[in-house]
Amino acid sequence: MTGLVSIKGLTRVFDVSKPWLNRMIERLPKRMLTAVSDVSFDIPAKTTYALVGESGSGKSTIGKMVVGLLRPTEGNVEIDGIDLVTETDPAIIDRIRTDIQMIFQDPFASLNPRWRVRDIITEPVSARGGNIDGLAEKLLVQVGLAEEDAGKYPHQFSGGQRQRLCVARALASEPKLIVCDEPTSALDVSVQAQVLNLMSDLKEDHGLTYLFISHDLTVVRHMADTIGVLYLGRLVEEASPTSLFNEPAHPYTAMLIDAAPRLDAFGREVEPPEGEIPDPTDPPSGCAFHPRCPLATDICKAERPKLTPHGAGRVACHHAGQVRLKGAA
Amino acid sequence: MSDLPDAARQGPKPTGRLEEAEVVAPSRWKTIWDADISYSFRQSPVAMGAAFVTLVMVLAAVFAPLVATTNPFDPSSLNLMNGFSAPGVPNAFTGETFFLGTDDQGRDVWSTILYGLRISLFVGAMAVAFAMILGITLGLLAGYLGGWTETIIMRVADVQLTFPSILVALLIFGVARGVIPIEYRDQMAIWVLIIAIGLSDWVQFARVVRGATLVEKNKEYVQAARLIGRKPGAIMLRHILPNVLSPVLVIATISLALAIIAEATLSFLGVGAPPTQPSLGTLIRIGQDFLFSGEWWILFFPACTLLALALSVNLLGDWLRDALNPRLR
Amino acid sequence: MTTPVLELKNLTVDIPTRFGTLRPVDDVSWSIDAGEILGVVGESGAGKSMTGNAVIGLLDSPAHISGGQVLLEGERIDRLKLSDMRRIRGKRIGMVFQDPLTSLNPLLTIGEQLSETILRHLDVSNAEADARAIRGLDEVGIPSAKNRMGAYPHEFSGGMRQRVVIALALCAEPTLLIADEPTTALDVSVQAQITALLKRLCRERGMAAMLVTHDMGVIAETADRVAVMYAGRLAEIGPVSQIVGQPRHPYTDGLMASTPAASAGQARLRQIPGAMPRLGKLPDGCAFHPRCPFVQDKCRHDPGPKVGIADDRAACWFPLDAQEDVA
Ligand SMILES: Nc1ncnc2c1ncn2[C@@H]1O[C@H](COP(=O)(O)OP(=O)(O)OP(=O)(O)O)[C@@H](O)[C@H]1O
Ligand SMILES: Nc1ncnc2c1ncn2[C@@H]1O[C@H](COP(=O)(O)OP(=O)(O)OP(=O)(O)O)[C@@H](O)[C@H]1O
Ligand SMILES: [Mg+2]
Ligand SMILES: [Mg+2]
């Protein structure tokens, strides 16, 4: 079954070389950074697919390629079977564009401070010359704000309320897919709960599909139907929340779960994980995780494991399934 | 944590109003009065004084025909016999009294200052407006489009910046003189002046706008607009422009003072406003011929006016820069 | 009874503005003993950083301490001259902030910054200072510390930089460490490393620490006692097991319950409605009452009872455990 979104072999390389002149003088080679490498997954309609990973693992880059803000270096993103990069019919492009929306991390930077709320949240419709009578008021009520708020400016709202405004804007064009890039990372837990609940409710009411990007495992566990774990731009494991958290198949997933602070574990004494994410411009040979991996053997240094089916999910590890959680009670 | 009522455990659905959203909308006048900028204005005697002087001068210039005792450019109203009347002293031949005195041709200095102020302010304001439009446009294009557009625009700006602006103005003025036929020269002089000063002044607008655009274009509200398929022109005009205007305002005020002085300098050098439409600079040039023969007032009063105008506009600009700079508050 | 390392008595901070005086820290009292980590939690704007800055005398004007006392090992430090305060900062109180880059001088090598700090505060020779600097780096887990002394801050990763900042804060062997969101900008794996490091150092050196964060998980795993702040006031203080397991203030309860981890397996998260009021617009009575599910008339008029120093109580008229007793 292919889903609403189908991603195949997605790769993105950034040129992070110094300026041309410096390179000539200092005789440096070009430096390429592979932010996303050969990532493939499907998102069935009306489900939530979550991407987790540490900083720099390529989560946002994938999100931007899915919505069409960035061009893939290789591979493609198909939404409803249509690839925005190669599609030439403007009518189809326009239709797909209305089907995709995005919610960003920073609730302060994602609303134009000089615009009124009404103009901000109806822009996806008004930009196409659609009818916006009463639309702002309807959307505001849907996200739990008041109709009168339409005339205000963003600075009159708190962080959580701004994020609701972002949700309202995302809903305006009645999209099918919403890409959420760390939508609650900048919010306090109590406000995060409000926004996450709102997003769950709207998913039910509008039949939405989410690509949910986060570094917070507890949030992802709560929201996702399927979780993809990224390490250094590659998908290392994909599974449902239950199986991922109970029996992680990849040692990196296990490390993340162990390292995440837990509410029910005061005074927990576990050895913290070793090492840090390596330099993405010069990734380790073989499996990129091998320098930090407790299970690493010679084959891990030499050969990169392929993402292969494992149980109901997929995993890229030579020693898949041998991991144990440290904190497991 | 055990005995909670069910409602508290589940939390209300986030629809309906949040208490915190209740911000009473104050009247427009109250909003303006309470704004940080008007508060800081009220706290600064220098700014208020400068604004008062500027306002008086602008009003005097606009209503010059009403405030002036004579029209100094109407030959029929001139009486050569009135020449060289000292301020406040009755003329030896006609018995008329001029409280700022008269010049060699019997023109009332007070009236010539008013009309000169008109020309100076007009040229200054138009030159700044021209520089602003040019600078903002080029700055937006360079900042938003990047690449070759940016390289070319900013290199041209760099080159121009290495010449003193008065030299640039002189150069443009010289070229214009060569191109425009002699019979139109006096008519066109003012416009040539405006373009010369404007062209020598756009660089700082372009630089500031480009810098601010580079910051704004990476903010998420711009990405949200790109996402829904807004064209670059619309994004630049409707989204970015309103957010880069406050530094432009500061520069515009300070440039106005500089443009007025530049105009006076050009006119003083004899390449600016023609004697038939004298600006403050022209008056100063005429006046200095008589300084050493004892008729000091012909130079003194126009010079004082120019000084007061340039100084108060500059002080206003300084205050505005500090008031808009959040780091100084 | 031994004197606590840090004791706040009714600490109050005021910010005069043209719309009236704001009170970001209102009558806060607590103490931290040697070897103890006090976690300070609360929503953004609750006054956590303000409290920490008040202790080390780093309030930005016009904010100032307008009442109460700060006692470091029994000695008042809130009235000290700037020069005396400078001597205490770094020597007796170490500080770690959220952004490691701002705490390090980009133009000096790690070694220079460490030795300089040691020389300023301790009476030792240059060679001894260098040796101590290397030991300090070793202690915070920087591999081959000796070779890294000549490195500049930008040559380190974020997690390594935060370790250097901790080494810098600890090099003069302070008795109190104030850590303001030391792991917020870091990844979970690095965060786990840093919190483990903090715990170990406090235990080994008998150092007291005030750990400001808004991550309940970090608090649960790291702190011995927890202070919960709301709108500048102390809502509740107590041992970590109590705060996390059996909170008595409805706000603490809501805060703990709204973490996704706490409602694992449930379709909806429990949420606290609304948001924390702005400082200028605090409601009458208990500041939390408009959001409180158990609000009663008394809460609307009378500010909550104050939390004592030694005892662990909640600033609430109807704390949750009392209700259970009634039931
Ligand atoms: N425009 C760009 N130019 C160069 N490098 C980039 C660019 N955008 C991203 N990168 C690099 O690509 C890698 C992945 O970045 P990305 O923003 O996707 O990470 P992320 O998983 O979203 O991390 P975070 O949790 O910090 O948001 C990083 O190493 C980043 O430095
Ligand atoms: N100069 C100032 N003028 C007015 N209010 C201020 C000023 N500085 C801080 N505040 C207010 O003081 C309160 C306390 O701020 P503080 O930085 O201590 O919060 P915090 O609990 O550390 O929050 P965060 O989690 O966001 O760091 C905030 O409500 C803030 O808005
Ligand atoms: Mg990201
Ligand atoms: Mg803070």
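The basis for the numbers below is simple: all heavy atoms, side chains too, and nothing from hydrogens, waters or symmetry mates. To find a chain, count down the sequence lines: A is the first, B the second, and so on, and within it residues start at 1.
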Would the distance check show the side chain of [X] and the main-chain N or O of [Y] forming a donor-acceptor pair, the cut-off being under 3.5 Å?
X: Arg128(A); Y: Ile228(B); answer: yes
X: Glu220(B); Y: Asp106(A); answer: yes
X: Arg114(A); Y: His239(B); answer: no

Exercise for the section: Drop me the distance from Phe104(A)'s CZ to Tyr221(B)'s OH, to the nearest 0.5 angstrom. Expected result: 12.5 Å

Handout entry: Nearest-0.5 Å distance that lies between atom CG in Leu227(B) and atom NZ in Lys64(A)
Key = 11.5 Å

Exercise for the section: Kindly indicate whether the side chain of Arg230(B), heavy atoms from C-beta on, has any atom under 4.5 Å from the side chain of Glu123(A). Expected result: yes

Exercise for the section: Check whether Leu111(A) gets within reach of chain B through its side chain, its backbone, both or neither, counting any heavy atom under 4.5 Å. Expected result: backbone

Handout entry: Proximal to chain B - members of residues 91-101 of chain A, heavy-atom separation under 4.5 Å
Key = Arg97(A), Gln101(A)

Problem - Any residue of residues 174-193 of chain A which, by heavy atoms, sits under 4.5 Å from chain B - result: none

